[in-house]
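Contents: one structure, followed by commentary.
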Amino acid sequence: MTITSVNGFPVYAVTSKEVPCEPSYFQKHALTWVEGAKKYQLSQEEIEDLKKRYHSNNMSEEETVALFGELVEAGIMSTSTARDIYCGAIPIDTSNYDPSKNHGVLTKCDDSSDFGLSGAFGGLGAMLGVSGMDAYRNMYEYARRTTDVDVDSSRYFQEYRQFLDVLEKL
């Protein structure tokens with residue numbers, strides 16, 4: 001068991017030695033990705049190549065994960081941002097987080113909206129095949145409104161916007 005602390009409060013976490021686990025489909029593939037040099041947009045040739053293989057409103061989980069991998073390797077996003085987008089995670093400012101208070105996942109939440117967000121979405125990657133790009137756009141807008149980080153300077157939100165730009169072109 002690993003013991004760490006957040007703002008002085010102990011946090012206990014089990015490791016794979018105590019509880020064996022199988023990585024998800026996304027995790028298995030993410031381990032093979034090599035992050036490319038950071039860039040802010042794809043060339044027209046790169047977009048055309050992606051258009052031949054992906055359609056943003058009709059993709060399986062396998063295609064969605066493959067697209068994330070290509071964008072990571074192209075330098076549009078980091079592996080951690082791809083994982084967070086895929087899982088529906090929303091960044092929080094941990095300097096404001098007080099684990100002794102009941103906030104749920106987001107520090108901006110009040111008691112009426114207190115729920116486990118990450119478990120509620122449980123993998124937006126699967127939603128792309130159902131709701132298409134709108135699912136990602138809606139999650140982005142929700143995250144932007146509820147987070148307590150600076151959206152304009154956050155790497156997560158910058159890379160998420162780049163991801164949405166690519167999806168719009170597909």
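In this structure, the side chains of Val151 and Arg161 come closer than 4.5 Å at one or more pairs of heavy atoms. Side-chain contact between Met139 and Ile90 is present, with heavy atoms from C-beta onward closer than 4.5 Å. With a 4.5 Å cut-off on side-chain heavy atoms, Glu168 and Ser56 do not count as touching. Ile85 places a side-chain heavy atom less than 4.5 Å from the side chain of Met77.
Side chain of Tyr160 to backbone of Arg155: no donor-acceptor contact under 3.5 angstrom is found.
Using a 3.5 Å distance cut-off with no hydrogens or angles, the side chains of Tyr86 and Glu61 do pair a donor with an acceptor. Side-chain contact of Glu48 with Gln44: a donor-acceptor pair under 3.5 Å is present, judged by distance alone.
A salt bridge links Glu159 and Lys38; the closest N-O separation between the charged side-chain nitrogens and carboxylate oxygens is under 4.0 Å.
By the side chain to side chain donor-acceptor pair (under 3.5 Å) test, Lys169 pairs with no residue at all, sequence neighbours left out. Glu141 pairs by the side-chain contact (heavy atoms from CB on, under 4.5 Å) definition with Arg144, Arg145, not counting sequence neighbours.
Taking CD of Glu35 as the reference point, atom OG1 of Thr81 lies at 8.0 Å (rounded to 0.5 Å). Between Arg53 atom CZ and Leu170 atom CG the span is 10.0 Å, to the nearest 0.5 Å. For the atom pair CG (Leu50) and CG (Leu67), the distance works out to 6.5 Å, reported to the nearest 0.5 Å. Taking OH of Tyr40 as the start and CG of Asp165 as the end, the distance is 13.5 Å to the nearest 0.5 Å. Rounding to the nearest 0.5 angstrom, the gap separating the CG atom in Leu42 from the CG atom in Leu71 is 6.0 Å. Atoms OG1 and OH, on Thr147 and Tyr142 in that order, are 10.5 Å from each other to the nearest 0.5 Å.
Trp33 and Ala82 make their closest contact through CZ3-CB, 4.2 Å (heavy atoms, listed as atom of the first residue, atom of the second, distance).
If you look at Phe68 and Phe163, their ring centroids are closer than 6.0 Å.
The aromatic rings of Tyr25 and His29 sit tilted, their planes meeting at an angle between 30° and 60°.
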task: Please step through salt bridge (charged side-chain N to carboxylate O under 4.0 Å, His left out) for the pair Arg137 and Asp134, ending with a clear verdict.
output: CA-CA 5 Å; Arg137 187 180 294 115; Asp134 290 340; 2.9 Å; yes
